[in-house]
Protein chains: 2
Amino acid sequence: MLPYEHIGYIGAMTNSPNDVTPYRLCKADALPPSDQHAQQYAAVRNAHETELLEDYVELIADLLKHQGEARSTDIAARMGVSQATVSKTVTRLKSLGLVSSKPYRSLFLTEKGEAMAAMSHQRHAIVLKFLRALGVSDHTARIDAEGMEHHVSQETLDIMQRFSREQERGGS
Amino acid sequence: MLPYEHIGYIGAMTNSPNDVTPYRLCKADALPPSDQHAQQYAAVRNAHETELLEDYVELIADLLKHQGEARSTDIAARMGVSQATVSKTVTRLKSLGLVSSKPYRSLFLTEKGEAMAAMSHQRHAIVLKFLRALGVSDHTARIDAEGMEHHVSQETLDIMQRFSREQERGGS
DNA sequence: CTAATATTTTAGCCAAGGTTAACTTATTAG
DNA sequence: CTAATAAGTTAACCTTGGCTAAAATATTAG
């Protein structure tokens, strides 16, 4: 099962009316039914599976674009991780058909890898822009976006995008 | 380093001891300097370390509150995971001083566990409320909140909270 | 009280994502 | 061209967080 096709998240079963659960009033917000609850956690686990892959692929695309080539050593420096780790992960990316390279040479994205990178980049950009539009400082927005981007559904992305656009027109 | 030791903060983002590096401005689509870039990824890795622990502790608190007791079997069902997995994770939670229990008996939170649960719950509630205020559907908001909550800094939380409040007053 | 059932724990397995240290392969300076 | 350095890979190890199957402990029904 491949990463960028799971963005839609899990199935139906809407429940629970508008109990807005203000955290301070702590009104008895009931637990959702077990199976639905489980789906939420499953969605998170699911996202975790692809997170790192997306980050790598996105970073490789950025390096290719801005540096002309994507070298392990740069990836290691930018990810804050050892070269050995990069090497191992790249092996995995290759086995997944996302990256191609010859031994001891720098990296390229396959079609599939580029598709994933494009999507990842887009999501990242939307979230980052949204956070800034909300009023979050640049530094924080960057950090939060990095973490959040893998956990934002299409529905929310659309709303974020609309929000940023409106802010742009009306706000500044 | 044990991330859950410093329970004094809410946003898990900024707990690395040497995180005071000032942000350097750069073009929106340019790559940030390596070391700064690395900090972003480090923040995400850091958040991942505590995510699951927070989820457990939060769930245990919820079960205690709504069900009167927190049993492994319920946790397993709600997390969508085998009981063996729960058992192993609970062992870890106990060794971290977050949970206490006697063998074959149900679970309790230590002070530390309760503090963590409270914080986690608060963050979760803020993010969930914010997403709804933004206009995200209930179902999606729940899923996204579950994934996002661990990656939202205090700064962003504050802004989200303000947004929800304003929406509450003006919007509806 | 005992037997059946339910729950929890343990043991052994796996993959991912980290680490260091040692080795191989490029690249570059003289 | 060769030697030094830089970059990439491999091997051996660790922890987490999953799993299944089997064993131990509660709980409940008869």
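Lettering of chains follows the sequences in order, A, B, ..., and the numbering in each one begins at 1. The analysis underlying the following values was restricted to heavy atoms, covering all of them including side chains, and did not include hydrogens, waters or symmetry mates.
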Peer 1: Can you give me the closest heavy-atom contact between A:Gly80 and B:Arg45, atom names plus distance?
Peer 2: O-NH2, 3.1 Å
Peer 1: Provide, to the nearest angstrom, the distance between the CG atom belonging to A:Asn46 and the P atom belonging to D:dG17.
Peer 2: 17 Å
Peer 1: Using the ring-ring contact (aromatic ring centres under 6.0 Å, His included) criterion, which residues pair with A:His124? Sequence neighbours excluded.
Peer 2: none
Peer 1: Measure the distance from NE2 on A:His48 to C1' on D:dG17 and round it to the nearest whole Å.
Peer 2: 12 Å
Peer 1: Examine A:His150 together with A:His48 and report whether their ring centres are nearer than 6.0 Å.
Peer 2: no
Peer 1: Between C:dG17 atom C1' and A:Ile75 atom CD1, what is the distance in whole Å?
Peer 2: 15 Å
Peer 1: Could you state the CG-P distance from B:Asp55 to D:dT16, rounded to the nearest angstrom?
Peer 2: 16 Å
Peer 1: Could you check how far CD of A:Glu54 sits from C1' of C:dG17, rounded to whole Å?
Peer 2: 16 Å
Peer 1: Classify the nucleic acid contact of B:Val86 as base, sugar-phosphate or nothing, counting any heavy atom under 4.0 Å across all strands shown.
Peer 2: nothing
Peer 1: How about B:Leu59 and B:Asp74: do any of their side-chain heavy atoms sit closer than 4.5 Å?
Peer 2: no
Peer 1: Starting at CG of A:Leu53 and ending at P of C:dG18, how long is that distance when rounded to a whole Å?
Peer 2: 11 Å
Peer 1: In whole angstrom, give the distance that lies between atom CD of A:Glu69 and atom C1' of D:dA6.
Peer 2: 13 Å
Peer 1: Within the structure provided, determine whether B:Glu51 and A:Val44 are in side-chain contact (heavy-atom separation under 4.5 Å).
Peer 2: yes
Peer 1: Give the B/S/- string for nucleotides 1-16 of chain C, one per nucleotide from 5' to 3', where a protein heavy atom under 4.0 Å of the base yields B, of only the sugar-phosphate yields S, and otherwise -.
Peer 2: ------SBBB-----S
Peer 1: Going by heavy atoms in the side chains, are A:His121 and A:Asp62 under 4.5 Å from each other?
Peer 2: yes
